[in-house]
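The structure under discussion appears below in the form of structure tokens.
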2 protein chains.
Amino acid sequence: MADTPGASEPSLDEQIAAYQREFQDLDPQVEKVVSALSRLNRRMNVAYGRQTAELGISNAEWEVLKALVLAGAPYRLGPGDLAKRLGLTPAAMTHRIDRMVAEGLVTRERDESNRVRVIVGITEEGRSKWLEAMRMATVFEEDLLQDLSGEERGRLGEMLTRLLRRVEDAQPDAGGRLSDLD
Amino acid sequence: MADTPGASEPSLDEQIAAYQREFQDLDPQVEKVVSALSRLNRRMNVAYGRQTAELGISNAEWEVLKALVLAGAPYRLGPGDLAKRLGLTPAAMTHRIDRMVAEGLVTRERDESNRVRVIVGITEEGRSKWLEAMRMATVFEEDLLQDLSGEERGRLGEMLTRLLRRVEDAQPDAGGRLSDLD
DNA sequence: TCTGAAGACTTCAACAGTAAAGTTCGAAGC
DNA sequence: GCTTCGAACTTTACTGTTGAAGTCTTCAGA
């Protein structure tokens with residue numbers, strides 16, 4: 001078995017079994033949680049990517065729009081602040097803003113009260129693409145959680161935030177670069 | 001409030017509150033699950049990245065080593081198969097293998113029985129780095145789940161696999177490119 | 001006021017990924 | 001036995017991110 005040369009990604013259960021075979025010191029229960037988390041995230045990003053692509057933007061650009069809107073009125077942030085929120089280097093932020101300005105999604109101006117600072121704002125078009133992306137995303141997310149009862153959703157959210165709190169405490173610094181995703 | 005210009009990433013609860021403010025058609029319970037998933041994954045990748053960096057490799061390289069080991073004896077796969085398992089384009093796989101061969105982590109040979117095919121194998125050094133990375137990762141993962149009882153871990157794993165099954169059914173194709181992560 | 005240091009962003013060179021075109025070998029049909 | 005098609009990988013050109021160096025402004029002290 002498993003002899004097919006063109007074999008694709010193994011199923012989660014196959015993967016867990018392979019881990020047990022190759023690395024005995026592994027708690028299958030832990031591995032199941034961790035592997036499922038990682039795979040889920042990948043699939044979700046693929047789904048978001050398809051939706052944002054329909055709007056002619058990328059997930060990366062959507063992230064910027066989200067950060068601006070979530071910052072609240074007047075929907076403006078500096079590149080440095082944006083970079084921190086998105087976990088990017090300032091250099092990457094500069095380039096990304098360049099593109100988004102060229103596409104008419106955001107504006108860039110100098111802060112008159114402090115001419116070193118730059119202020120990035122969202123345009124009408126940016127805002128409307130954000131809204132449309134949110135609409136599509138919520139449909140997808142609602143569908144994703146379809147099989148979970150309200151009570152289960154609550155428990156799941158609670159457990160995940162407990163995990164999150166634990167990593168954030170151990171890793172208080174801004175979350176680091178995004179270079180190593182998978 | 002929220003007037004600090006150097007403000008960093010908002011907390012999960014602040015983010016949920018901002019969503020409710022800016023986009024009413026949002027189920028906070030759903031959003032909590034989704035946002036926690038995404039943040040958790042980011043933090044986990046940062047943690048893995050620090051560990052693999054200690055070994056002088058990247059998360060990307062570790063992924064390749066994992067795929068080879070999990071494939072089972074004789075720990076060999078073609079670039080195309082590897083690319084499918086990792087969700088990369090074949091071109092990216094070629095480049096990544098180039099680097100890993102140069103670093104002595106894997107070998108690349110032509111398949112004698114079919115000279116179009118290439119076979120990637122793991123070296124001793126690759127295998128030992130994989131093992132060391134696994135050891136560090138399991139310590140981290142065990143710590144991550146520290147606050148969950150055995151029963152909770154089981155329930156969490158079960159719910160996550162249910163979600164995963166749902167996306168995989170909706171998205172049966174190999175999972176798509178990894179270009180749009182966040 | 002001038003000067004030096006710090007902060008905020010940008011520029012530059014190098015690296016990693018993608019898409020599309022190119023190469024090479026194997027297999028199926030005439 | 002050619003020839004054509006298709007599969008598997010590589011090459012090329014381009015996009016996006018990083019780390020480090022560079023620029024410009026502000027602010028504090030002499």
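Labels below follow one simple rule: chain letters A, B, ... track the order of the sequence lines, proteins then strands, and each chain is numbered from 1.
- Checked against D:dG16, D:dT18, C:dT18, the side chain of A:R99 finds its nearest nucleotide in D:dG16.
- Across all strands, B:P90 comes closer than 4.0 Å to base atoms (heavy-atom distances).
- Listed nucleotides: D:dA7, C:dC9, C:dG17. Nearest to the side chain of A:R117: C:dC9.
- Atom CG in B:L77 sits about 14 Å away from atom P in D:dA8, given to the nearest Å.
- Hydrophobic clustering (ILVMFWY, side-chain heavy atoms < 4.5 Å, transitive): B:I119 and B:I122 are in distinct clusters.
- Look at CZ on B:R110: it is 13 Å from C1' on D:dA7, rounded to the nearest Å.
- Rounded to whole Å, the distance from CD on A:E63 to C1' on D:dG16 is 15 Å.
- Distance from the side chain of B:P79 is smallest to D:dC9 among D:dT17, D:dC9, C:dT10.
- A sub-4.0 Å separation between OP1 or OP2 of C:dG7 and a side-chain N or O of A:R115 is absent.
- Listed nucleotides: C:dT18, D:dT25, D:dA7. Nearest to the side chain of B:V116: D:dA7.
- For C:dT10, the OP1/OP2 oxygens have a side-chain nitrogen or oxygen of A:R108 closer than 4.0 Å.
- Evaluation of the side chain to side chain contact (heavy atoms under 4.5 Å, CB included) rule for A:E124 yields no partner, not counting sequence neighbours.
- Between A:R43 and B:R166 the shortest side-chain heavy-atom distance does not fall below 4.5 Å.
- Distance from the side chain of B:T89 is smallest to C:dT18 among C:dG17, C:dT18, D:dT18.
- Comparing the local axis fitted to the first five base pairs of the helix from C:dT1-D:dA30 to C:dC30-D:dG1 with the one fitted to its last five gives a bend of 10°, rounded to 10°.
- With DNA chain D read from its 5' end, the first of the two nearest nucleotides for A:A92 and B:H95 is the one closest to B:H95.
- Summarising the geometry, the separation between CG on A:D81 and C1' on C:dC9 is reported as 14 Å, rounded to the nearest angstrom.
- With rounding to whole Å, A:N59 atom CG is found 14 Å from C:dT18 atom P.
- The CG atom of B:L82 sits 9.0 Å away from atom CG of B:L88, with the distance rounded to the nearest 0.5 Å.
- With rounding to whole Å, B:L88 atom CG is found 14 Å from D:dC9 atom P.
- The distance between atom CZ of A:R96 and atom P of C:dC9, rounded to the nearest whole Å, is 16 Å.
- At whole-Å resolution of the value, CG in A:N114 and P in C:dG7 are 13 Å apart.
- Between B:L12 and B:S35, the shortest heavy-atom distance links the atoms CD1-CB, 3.5 Å.
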Run the salt bridge (charged side-chain N to carboxylate O under 4.0 Å, His left out) test on A:E61 and A:K129 for me, step by step, so that the C-alpha distance in whole Å, both residues' side-chain angles and the decisive distance to 0.1 Å come before the verdict.
CA-CA 10 Å; A:E61 291 171 328; A:K129 297 233 169 179; over 6 Å; no
Check against salt bridge (charged side-chain N to carboxylate O under 4.0 Å, His left out), B:R42 and A:E168
CA-CA 11 Å; B:R42 194 157 115 192; A:E168 284 178 343; over 6 Å; no
